[in-house]
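Comments concern the structure below.
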Amino acid sequence: MTEPATSRPAGRPVEIDERIAAYKGVWVFIETERGHVHPVSWELIGEGRKLANTLGVDVWGVILGPQGEANIAAANEAFAHGADGVYLMEDPILAEYRTVPFNKGLCNLVNTYKPEILLLGATTLGRDLASAVATTLATGLTADCTALAIDLDTHSMAATRPTFGGSLLCTIHTLKARPQMATVRPRVMAMPPKLSDRTGKIVNVALGMQEQDIITKVLDYIPDRNQDQAQLAFADFIVAGGRGLGKVENFRLVTDLAAVLGAEVGGTRPLVQGGWIPQERQIGQTGKTIRPKLYIAAGISGAIQHRVGVEGADCIIAINSDPNAPIFDFAHYALVGDAMKILPALTEAFRNRLSVNRKTI
Amino acid sequence: MHVVVCIKQVPDSAQIRVHPVTNTIMRQGVPTIINPYDLFALEEALRLKDQFGAKVTVLTMGPKMADQALRKALTFGADEAILLTDRAFAGSDTLATSYALSSAVAKIGQTDPIDIVFCGKQTIDGDTAQVGPGIATRLNLQQLTYVSKIVSIDKDARQIVVHRRAEGGVQVLKTAMPCLITMLEDTNHIRFGTMADAFRAARYTLTEWSATEAGVPDVTHCGLRGSPTVVKKVFAPTAKTVKATPIAGDTPESLSQTLIDTLFSAHPGLQEDLESRVASNSQGA
């Protein structure tokens with residue numbers, strides 16, 4: 001039986017399986033900006049390692065950037081986190097992120113060395129680059145995955161992500177194109193252990209572009225003043241509110257509890273849309289993914305949109321008046337009741353229990 | 001100056017319900033809206049109309065009923081509206097969608113050359129942020145994602161300077177038009193349309209293009225056939241096997257005491273962690 005011609009994207013060779021079999025190995029794009037590696041890169045190396053072990057292949061990191069000692073340090077970090085090798089593309093053109101040279105560099109590497117899987121962080125840079133690369137290579141890209149696995153029947157990557165505005169999960173495969181691409185948001189995957197005696201190979205590859213051929217120029221870079229930015233993704237303690245709080249005035253109860261705990265404050269998407277909290281404090285699929293030691297959710301029903309953003313928390317305490325709220329399916333402690341009454345009581349109780357607070361009063 | 005705004009009609013996600021037994025989306029009766037992120041793109045385009053007299057064309061791909069989204073965009077002040085609709089587009093993933101849309105954008109540009117294509121940052125139903133960059137890549141437009149501000153436009157030199165949100169900072173980028181911009185949220189507020197625009201929108205005859213009419217070169221690149229990604233499974237998340245520990249109490253106060261007792265005995269070290277966190281906070285303050 002031959003495949004019906006219609007099931008094959010035009011312009012591809014008939015020997016589709018042979019073509020796919022030529023792609024081997026798991027790659028992780030190591031995101032560097034101004035010499036700083038985004039930690040999502042290491043989380044992805046950890047996840048890529050698991051996929052590679054199932055497939056019996058190697059994990060390679062890809063670093064694109066200007067010449068410098070920082071690249072070797074980043075490569076060594078990649079080895080320590082589980083990479084077997086690193087493709088290193090150094091060129092002054094790559095000093096600041098721009099879509100065109102990064103897209104060309106990464107596509108050239110893929111076309112030369114043919115990885116079967118390519119993972120990138122779902123950051124502003126990673127999403128911008130992944131979309132351009134997947135379009136250039138005419139391959140499948142699944143955004144914001146919350147779980148990655150290998151389907152042994154099809155030898156393909158099963159990429160799971162929330163769908164339909166976060167009410168369901170779906171598993172997506174790329175069967176007839178390579179590489180299989182996915183982005184994963186920071187903090188979704190656990191940081192792998194670091195073994196500093198691991199080593200690996202570094203392969204240098206040239207970009208082969210001229211600056212005058214690149215139309216977009218970076219005139220300036222204005223760093224954020226860190227103090228102004230909520231550090232939700234890396235906070236150990238977080239208190240958040242949802243629509244169950246009723247009105248914006250009640251959000252103060254969340255802030256009060258957070259102050260006593262030394263916690264960061266967050267909220268759900270409806271609260272951002274309602275203007276209660278800024279976007280940078282949104283927790284969930286389209287906001288921040290968090291992995292705190294303690295997470296207290298008040299008046300949050302727990303839609304998948306929110307769930308996937310908080311499941312990495314060590315301990316989740318949920319306060320909700322609806323005993324059937326989905327948040328109780330994944331919380332560790334369930335407080336069924338009126339958040340407007342429980343939050344002030346909880347604030348007082350923590351204030352009395354934590355010795356530091358007692359001393360300062 | 002001619003700008004094209006790509007919009008999408010999406011179900012109002014706040015009102016989507018999942019059938020508890022079949023796990024299917026209950027779409028019946030769910031109102032549709034213009035993807036909220038696209039409104040920031042549309043408003044930015046309309047500001048170029050105010051400033052430079054730019055012509056604003058809105059484009060969407062979807063079923064026939066997506067004409068409602070286009071008509072809504074016209075009430076805000078868009079000049080022309082084109083609906084890309086064809087059974088061949090059904091089941092498109094982001095790669096197939098950017099293929100169809102880029103064909104239509106190219107066709108629009110044949111009669112009236114385009115300076116800027118605007119898209120929203122992402123949609124609220126797909127949340128991929130892949131279609132905008134896909135269109136830019138296919139049409140070789142300079143790609144400017146997550147733009148928080150258009151700083152300046154030099155119409156004669158066909159150059160544009162924008163602020164682009166990056167990790168940990170803002171890039172100031174200068175590039176040449178034509179370019180594709182995806183607007184960041186909360187960068188502007190969609191205007192109230194005028195009565196004149198509302199009347200014009202009601203009377204306006206939408207342009208409707210099939211794949212052939214849009215100049216799509218190869219329909220096998222469209223729809224399900226042209227989509228490299230395959231959705232194998234849609235499912236509701238399972239509850240954790242270990243149920244949440246219920247914390248009860250006669251009053252909020254006793255409930256809070258029980259919770260803290262349970263919490264600190266089950267998580268030794270947590271109290272100390274919290275205390276050192278609070279201590280370091282008060283030192284910093």
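These numbers come from a predicted model, not from an experiment.
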Examine whether an atom of [X] lies under 4.5 Å from a heavy atom of chain B, and if so say whether it belongs to the side chain, the backbone or both; otherwise answer neither.
X	value
A:Thr99	side chain
A:Tyr221	both
A:Glu348	neither
A:Ala134	backbone
A:Thr146	neither
A:Leu343	neither
A:His36	neither
A:Asp220	both
A:Leu141	both
A:Thr160	side chain
A:Pro270	neither

Contacting region of [X] [heavy-atom separation from chain A under 4.5 Å]:
X	answer
B:Asp273	both
B:Leu173	both
B:Thr262	both
B:Val131	neither
B:Glu272	neither
B:Leu259	side chain
B:Asp186	side chain
B:Gln159	neither

- Side-chain touch B:Lys8/B:Asp38, heavy atoms, less than 4.5 angstrom: yes
Can you tell me which of [options] forms the most heavy-atom pairs within a distance under 4.5 Å of chain A?
options	result
B:Lys233, B:Glu167, B:Gln257, B:Gln122	B:Glu167
B:Leu144, B:Val231, B:Val161, B:Val170	B:Val170
B:Ser98, B:Pro252, B:Ala136	B:Pro252
B:Leu255, B:Leu270, B:Thr94	B:Leu255

Please find the pair of heavy atoms, one from [X] and one from [Y], that lie closest to each other, and give the distance.
X	Y	result
A:Thr135	B:Gly134	OG1-CA, 3.4 Å
B:Pro228	B:Gly226	CD-O, 3.4 Å
B:Thr220	B:Asp218	OG1-OD1, 2.7 Å
A:Phe237	A:Pro292	N-CB, 4.2 Å
A:Leu120	A:Ala130	CD1-CB, 3.9 Å

- Task: From the options B:Thr182, B:Thr123, B:Ile124, select the one residue that forms a side-chain contact (heavy atoms from CB on, under 4.5 Å) with B:Tyr37.
- Result: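 Of all the options given, the one that passes is B:Ile124.
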- Message: So if I apply the side-chain contact (heavy atoms from CB on, under 4.5 Å) rule between B:Leu184 and each of B:Ile181, B:Asn188, B:Thr187, which one comes out positive?
- Response: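 Answer to the side-chain contact (heavy atoms from CB on, under 4.5 Å) test with B:Leu184 among B:Ile181, B:Asn188, B:Thr187: B:Thr187.
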- Message: Could you check whether A:Asp314 pairs with A:Lys293 (Lys NZ or Arg NE/NH1/NH2 to Asp/Glu carboxylate O, under 4.0 Å)?
- Response: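 No salt bridge links A:Asp314 with A:Lys293.
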Using a cut-off of under 4.5 Å for heavy-atom pairs, which of [options] has the most such pairs with chain B?
options	answer
A:Gly140, A:Ala263, A:Ala345	A:Ala345
A:Pro223, A:Ala132, A:Ala158	A:Ala132
A:Arg161, A:Gln180, A:His38	A:Arg161
A:Ile214, A:Ile222, A:Thr174	A:Ile222
A:Asp144, A:Thr286, A:Asp236	A:Thr286
A:Ile342, A:Asp128, A:Leu129, A:Leu335	A:Asp128

- Using the six-membered ring wherever Trp is involved, compare the ring planes of B:His267 and A:Tyr333 and label them parallel, tilted or perpendicular (cut-offs 30° and 60°). perpendicular
To the nearest 0.5 Å, what is the distance between [atom1] ([X]) and [atom2] ([Y])?
X	Y	atom1	atom2	value
B:Ser148	B:Met183	OG	CE	7.0 Å
B:Glu185	B:Arg165	CD	CZ	10.0 Å
B:Asp125	B:Asp12	CG	CG	11.0 Å
A:Arg185	A:Arg127	CZ	CZ	5.5 Å
B:Leu180	B:Gln143	CG	CD	7.0 Å

- Using the six-membered ring of B:Phe264, assess whether NZ or CZ of A:Arg353 lies under 6.0 Å from its centre and within 45 degrees of the ring axis.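 No, a cation-pi geometry is absent between A:Arg353 and B:Phe264.
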- Task: Evaluate the criterion side chain to side chain contact (heavy atoms under 4.5 Å, CB included) for residue pair B:Val172 and B:His163; output intermediate values, then yes/no.
- Result: CA-CA 5 Å; B:Val172 183; B:His163 283 180; 3.7 Å; yes
